[in-house]
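Okay, structure first, notes after.
Convention: sequence-line order gives letters A, B, ...; per-chain numbering from 1.
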Amino acid sequence: MNKSYDPKVIEPKWQKYWGKNKLFSAKDGGDKPKYYCLIEFPYPSAEGLHVGHPRSYTALDIVARKRRMEGYNVLFPIGWDAFGLPAENYAIKTGIHPRIKTEANIVNFRRQLKSLGFSFDWDREISTADPKYYKWTQWIFLQLFKHGLAYKAKMAINFCLDCKVGLANEEVVGGKCERCGGEVVKKTKSQWLLKITKYADKLEKDLDDLDYIDRIKVQQKNWIGRSEGATIQFKVVIASEAKQSHKTKNNILKSDEIASAPMASFNDIIVYTTRPDTLFGATYMVLAPEHELVQKLKDKITNFSEVSKYIDLAAKKSDLERTELQKEKTGVELKGVRAVNPVNSKEIAIWISDYVLASYGTGAIMAVPAHDDRDFEFAHKFGLEIIEVISGGDISKSAYTDIDNGKMVNSDFLNGLAPSEAISKMTSWLAEKGIGSKAINYKLRDWIFSRQRYWGEPIPLVHCKSCQKEILDTSTTLNCYDQETWNRLADGSKTVESRALNPEEPDRYFGNIKVGGTLKLANKVTGEEKYFEVKNVWSYKNSAQLFADKEVLKKIYAPKSIPESLKELESGYSYTPDYIERINKNGVIAWELQMITPGIVPWEKLPLELPEIKEFQTSEDGESPLSKLTDWVNVKCPKCGGPAKRETDTMPQWAGSSWYFLRYIDPANSKDLASPDKLKYWLPVDWYNGGMEHTTLHLLYSRFWHKFLYDIGVVPTPEPYQKRTAHGMILGEGGEKMSKSRGNVVNPDDVIGEHGADTLRLYEMFMGPFDQAIPWDTKGVIGVKRFLDRIWNIYNSDLVKPEAEADKDLDVLVNKTIQKVAEDIEAMRFNTAVSALMILSNQIIEKKSADKASLEKLLILLSPFAPHIAEELWENMGHKSSLVLEPWPQADKSKLKNETIELIVQINGKVRAKIKLPADVKEAEALKAAQADENVQKYLTGQTLKKTVFVPGKLISFVV
RNA sequence: GCCGAAGUGGCGGAAUUGGUAGACGCGCACGACUCAAAAUCGUGUAUCGCAAGAUGUGAGAGUUCGAUUCUCUCCUUCGGCACCA
């Protein structure tokens with residue numbers, strides 16, 4: 001009677017049954033506690049489902065099914081991340097519209113997912129390419145735009161010369177075009193960017209309270225790359241030819257010399273450093289080649305042609321070259337100008353080099369070759385001075401970068417301190433003197449958000465020349481004469497204060513500010529300009545008292561809202577004492593500004609649908625295919641009614657997936673992206689599982705969007721996902737990545753066809769630790785199928801006779817299994833959970849008998865993993881209602897221990913005997929029994945017993 | 001270079017308040033069934049040894065009655081970032 005069961009019959013039967021009876025529908029409310037399980041919705045590719053999908057989906061399907069049995073109202077939804085490049089590339093090749101192809105792929109994916117028996121709520125299915133859906137993607141973008149978090153800037157992007165198409169970073173593989181293998185060059189284009197950097201601190205800090213696996217937290221933290229340090233101001237002076245030629249090593253300037261130096265103060269160079277303690281060791285400074293001051297100092301630099309040549313060379317290097325050629329440092333000294341180290345008035349050289357990045361910090365560094373590896377290498381190559389300021393290393397061999405050891409030397413008032421102490425002492429010294437301040441920097445960059453592609457959400461904006469002209473003509477200009485002020489003001493979308501910035505020259509930063517007016521901010525150093533709408537203006541004196549007294553504040557600002565800066569103060573932020581003092585002395589003007597881009601007008605009639613086109617190829621000059629549709633592009637400006645043009649860029653694939661989990665909550669809502677009540681009920685997502693590859697992309701992006709939506713009051717929680725786990729990749733049979741070209745792709749359809757969905761599900765859970773990459777093993781699949789066949793035979797043959805009486809040992813094992821399976825599911829140790837089920841079934845087979853209750857419990861425990869066979873056998877046992885509705889079993893704590901145990905007897909740490917004893921045996925009895933053992937006696941006779949160790953229920957250890 | 005994870009049979013892997021190393025599965029060997037094969041079932045399966053026994057969790061040291069588990073040093077593999085000052 002050893003039959004194998006036929007999944008082809010029972011699996012479709014139960015899939016139909018579950019669907020018809022809506023057993024997996026989530027209710028928007030009710031008495032049950034809610035539980036939101038989420039998997040990353042798939043991109044419906046032409047290849048169909050990959051075996052990797054079921055790994056993640058089965059795992060959370062198990063959790064969802066367990067939660068339902070535990071009495072939760074579970075939301076476990078599914079949808080389609082339907083915009084994306086492959087469908088568009090296919091369209092370019094074949095002329096078939098991406099929508100047609102994508103819809104066909106979705107049909108295939110839906111069939112495949114249904115054939116796996118996942119307990120999705122299919123009534124909430126969504127697709128990001130559906131205009132009813134992307135209406136809200138566009139709406140969120142417009143909110144970002146209106147809050148100054150979306151802006152356009154000129155950027156160098158990747159561009160494939162063969163395909164004549166702009167590429168995303170993800171589409172560049174090894175410096176070549178992913179599609180055609182052609183050469184990729186940098187091309188400067190105007191791009192939309194989202195200001196994710198504004199959320200850098202929150203994205204980092206809030207990770208602490210989340211239940212994300214450590215790897216994810218660490219990776220996101222690294223990516224955000226927060227570092228604490230200080231900015232330090234260096235004055236720039238003109239160097240005499242004589243001083244230059246002597247390569248003066250100890251040229252200390254007198255204070256009047258600095259004051260009378262011919263350079264204006266706004267040509268200070270500000271550097272960012274994490275090691276202000278080493279300031280006495282700064283022997284030169286380095287600017288990024290792109291640093292604006294290089295151009296500004298053009299007339300003063302005596303070797304400008306050489307400098308200019310270097311800048312051109314650096315600009316031509318691709319990212320690849322710039323990192324590949326990092327072995328050898330290059331650079332050019334700016335002759336004719338020198339910087340002054342503010343701590344000791346020492347005159348030092350200024351260099352430019354491409355090892356300093358324009359995009360990080362201030363684009364300028366102080367070089368401390370004795371205590372920084374890169375500076376050390378650079379100083380050695382160009383023969384620059386190296387001064388040791390921390391003892392403990394050997395700076396003749398390498399830079400000493402240890403921050404935890406060593407003592408400050410050659411550093412005047414820092415001498416003798418530990419570096420960490422020196423950092424805080426130097427930082428406060430700099431602040432006191434007004435030549436530096438504490439600063440925080442992030443590696444995170446703004447998110448390049450536009451694609452010159454067709455198959456994505458159109459960006460709902462209009463470019464209007466007349467609106468632009470109006471703003472340019474009517475705006476008040478505010479000039480910034482130094483970079484620091486610019487940096488403080490030009491951030492946008494926050495409150496900025498005037499006067500207090502520079503109490504001595506208040507008018508210099510003051511403009512004619514009106515609510516609703518437009519403010520033009522002009523950087524007089526670089527020529528850069530930015531425009532702001534003035535949202536609010538306040539003026540007040542003696543504000544320090546106001547900060548402290550909330551009631552007074554309310555009176556004064558009753559009709560208006562409290563400015564953001566004051567709110568921050570209330571919630572624990574603080575200003576430095578000298579800053580408060582300056583406010584007291586001078587009073588303060590505060591403006592709430594919002595960055596705007598002149599001439600760009602939101603298109604509010606959403607959705608802005610993708611127009612139909614026939615040519616999907618990006619144009620010669622890298623413009624979106626949409627730009628060729630003149631009828632669509634030319635519109636009336638929604639603001640002034642004049643002639644205007646649409647934005648033709650589309651959003652990247654990451655847009656739709658940044659908020660999809662919100663739409664599942666209320667998928668048919670046409671008034672809101674989801675109703676506030678339902679959002680309040682379902683959020684946050686309780687458990688989200690996905691791939692590690694999305695840690696710094698989708699996961700970070702969607703946290704950013706969610707935090708923004710929280711700030712504007714759309715969603716009720718500051719974080720979208722409470723718990724995030726990640727699955728490992730499934731590799732091909734040889735341990736290599738599965739790919740079409742290697743021919744090692746396993747198609748889930750084939751596995752299901754041969755062995756059934758339950759086998760595929762169970763195998764993927766059993767194959768190894770869930771979070772690790774693991775190769776596919778066809779033989780392993782067979783092993784799991786054998787297990788299911790054995791299960792089938794337990795219930796369908798005379799192999800096992802159901803007994804009325806429960807066997808005591810079996811009862812203990814059943815209870816142990818209940819506990820083990822439950823714990824393992826929560827900890828995602830699915831492999832050992834399956835193993836526990838195998839042990840239980842093997843035991844039943846060995847005993848050739850089992851009671852009804854035990855047989856039922858085995859089916860319930862198996863059902864989240866292999867739901868079809870479990871339902872079928874459940875029905876065969878005579879049950880009328882679905883197994884899905886059964887409660888999850890609880891282990892009987894009194895039945896977790898066997899009555900007899902094998903006590904291990906060790907002598908000097910070596911196992912010498914195993915004796916059967918009652919589980920609750922006392923030490924004295926155990927000792928007697930152990931000493932009575934023949935083998936033990938052999939080792940004990942003639943020895944003196946030094947010590948015995950007794951571990952109840954486990955072992956007894958003799959030391960002789 | 002920095003950050004992170006991990007090294008256990010022929011293979012995937014079990015084993016956490018430190019207490020029988022190798023659960024479970026694959027593979028392999030032998031046996032049963034069969035004319036035969038497949039499937040299935042049974043037995044065995046870390047290494048050396050006939051055995052008693054000894055050795056054994058990347059390497060080396062340490063703590064301990066006892067270490068895959070804790071500490072230190074080193075090696076290797078994988079993943080992420082990569083001149084981030």
Tell me whether the rings of [X] and [Y] are parallel (<30°), tilted (30 to 60°) or perpendicular (>60°).
X: A:His694; Y: A:His698; value: perpendicular
X: A:Trp447; Y: A:Tyr701; value: parallel
X: A:Tyr355; Y: A:Phe378; value: tilted

[X] has an atom [atom1]; how far is it from atom [atom2] of [N], in whole Å?
X: A:Glu754; N: B:A39; atom1: CD; atom2: P; value: 13 Å
X: A:Phe787; N: B:G25; atom1: CZ; atom2: P; value: 9 Å
X: A:Phe830; N: B:A23; atom1: CZ; atom2: P; value: 23 Å
X: A:Leu697; N: B:C81; atom1: CG; atom2: C1'; value: 13 Å
X: A:Leu788; N: B:G25; atom1: CG; atom2: C1'; value: 13 Å
X: A:Met729; N: B:G79; atom1: CE; atom2: C1'; value: 9 Å
X: A:Lys221; N: B:C81; atom1: NZ; atom2: C1'; value: 16 Å
X: A:Ile845; N: B:U40; atom1: CD1; atom2: P; value: 13 Å

Just checking [X]: base, sugar-phosphate only, or nothing, at a heavy-atom cut-off of under 4.0 Å?
X: A:Arg445; answer: base
X: A:Lys443; answer: base
X: A:Lys910; answer: sugar-phosphate
X: A:Ser359; answer: nothing
X: A:Gly783; answer: sugar-phosphate
X: A:Tyr284; answer: nothing

Taking only the [atom1] atom of each, what is the distance from [N] to [M] in whole angstrom?
N: B:G22; M: B:U68; atom1: P; answer: 12 Å
N: B:U57; M: B:U69; atom1: C1'; answer: 11 Å
N: B:A67; M: B:G19; atom1: C1'; answer: 10 Å
N: B:C3; M: B:G10; atom1: P; answer: 35 Å
N: B:U8; M: B:U77; atom1: C1'; answer: 15 Å
N: B:U20; M: B:C26; atom1: P; answer: 26 Å
N: B:A61; M: B:U16; atom1: C1'; answer: 24 Å
N: B:C72; M: B:C78; atom1: C1'; answer: 25 Å

Ignoring backbone atoms, test whether [X] places a side-chain nitrogen or oxygen under 4.0 Å from the OP1 or OP2 oxygen of [N].
X: A:Asn793; N: B:C41; result: no
X: A:Tyr355; N: B:A82; result: no
X: A:Arg786; N: B:C24; result: no
X: A:Thr696; N: B:G80; result: no

Can you find a heavy atom in the side chain of A:Arg703 that is under 4.5 Å from one in the side chain of A:Tyr199?
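SC-SC contact between A:Arg703 and A:Tyr199 ruled out.
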Establish, yes or no, whether the cationic atom of A:Arg724 lies under 6.0 Å from the six-membered ring centre of A:Tyr212 and within 45° of the ring axis.
no
Is there a Watson-Crick or G-U wobble partner for [N] with both distances under 3.5 Å, and which nucleotide is it?
N: B:A39; value: none
N: B:A82; value: none
N: B:A14; value: none
N: B:U76; value: B:A6
N: B:U34; value: none
N: B:G19; value: B:C65
N: B:U47; value: B:A54

Let me have the donor-acceptor pairs involving side chains of residues 365-373 of chain A, under 3.5 Å, with sequence neighbours excluded, atom names and distances please.
unit_1, atom_1, unit_2, atom_2, d
A:His371, ND1, A:Tyr400, O, 2.8
A:His371, NE2, A:Val389, N, 3.0
A:His371, NE2, A:Ile390, N, 3.1
A:Asp372, OD1, A:Arg374, N, 2.9
A:Asp372, OD1, A:Arg374, NE, 3.2
A:Asp372, OD1, A:Asp375, N, 3.0
A:Asp372, OD2, A:Arg374, NH2, 2.6

Within the distance-only criterion (no hydrogens, no angle test), does the side chain of A:Asn831 pair as donor or acceptor with the backbone N or O of A:Phe766 below 3.5 angstrom?
no
Test item: A:Asp354 side-chain N/O and A:Gly331 main-chain N/O as donor-acceptor pair under 3.5 Å
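Not confirmed, A:Asp354 side chain does not pair with A:Gly331 backbone.
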Would B:G79 be called syn or anti, given that syn covers angles within 90° of 0?
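This nucleotide is in anti.
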Pair A:Asp277 + A:Arg275, salt bridge at N-O below 4.0 Å:
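Yes.
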How does protein contact run along nucleotides 1-22 of chain B, one letter per nucleotide 5' to 3', with B for base contact, S for sugar-phosphate only, - for none, heavy atoms under 4.0 Å?
--S--------BSS----BB--
Could you check which of B:C83, B:A85, B:U55 has an atom nearest any side-chain atom of A:Tyr360?
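Given the options B:C83, B:A85, B:U55, the side chain of A:Tyr360 is closest to B:A85.
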Where the side chain of A:Lys329 is concerned, which of B:C83, B:C24, B:A85 is the nearest nucleotide?
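Of all the options, the side chain of A:Lys329 is nearest to B:C83.
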Enumerate the residue pairs fulfilling side chain to side chain donor-acceptor pair (under 3.5 Å) with a member in residues 759-769 of chain A, sequence neighbours excluded, ordered by first and then second residue.
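Pairs touching residues 759-769 of chain A that pass the test: A:Asp61-A:Arg761.
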5'-most contact on RNA chain B: A:Phe958 or A:Thr273, nearest heavy atom basis?
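First, find each residue's nearest nucleotide; the 5'-ward one identifies A:Phe958.
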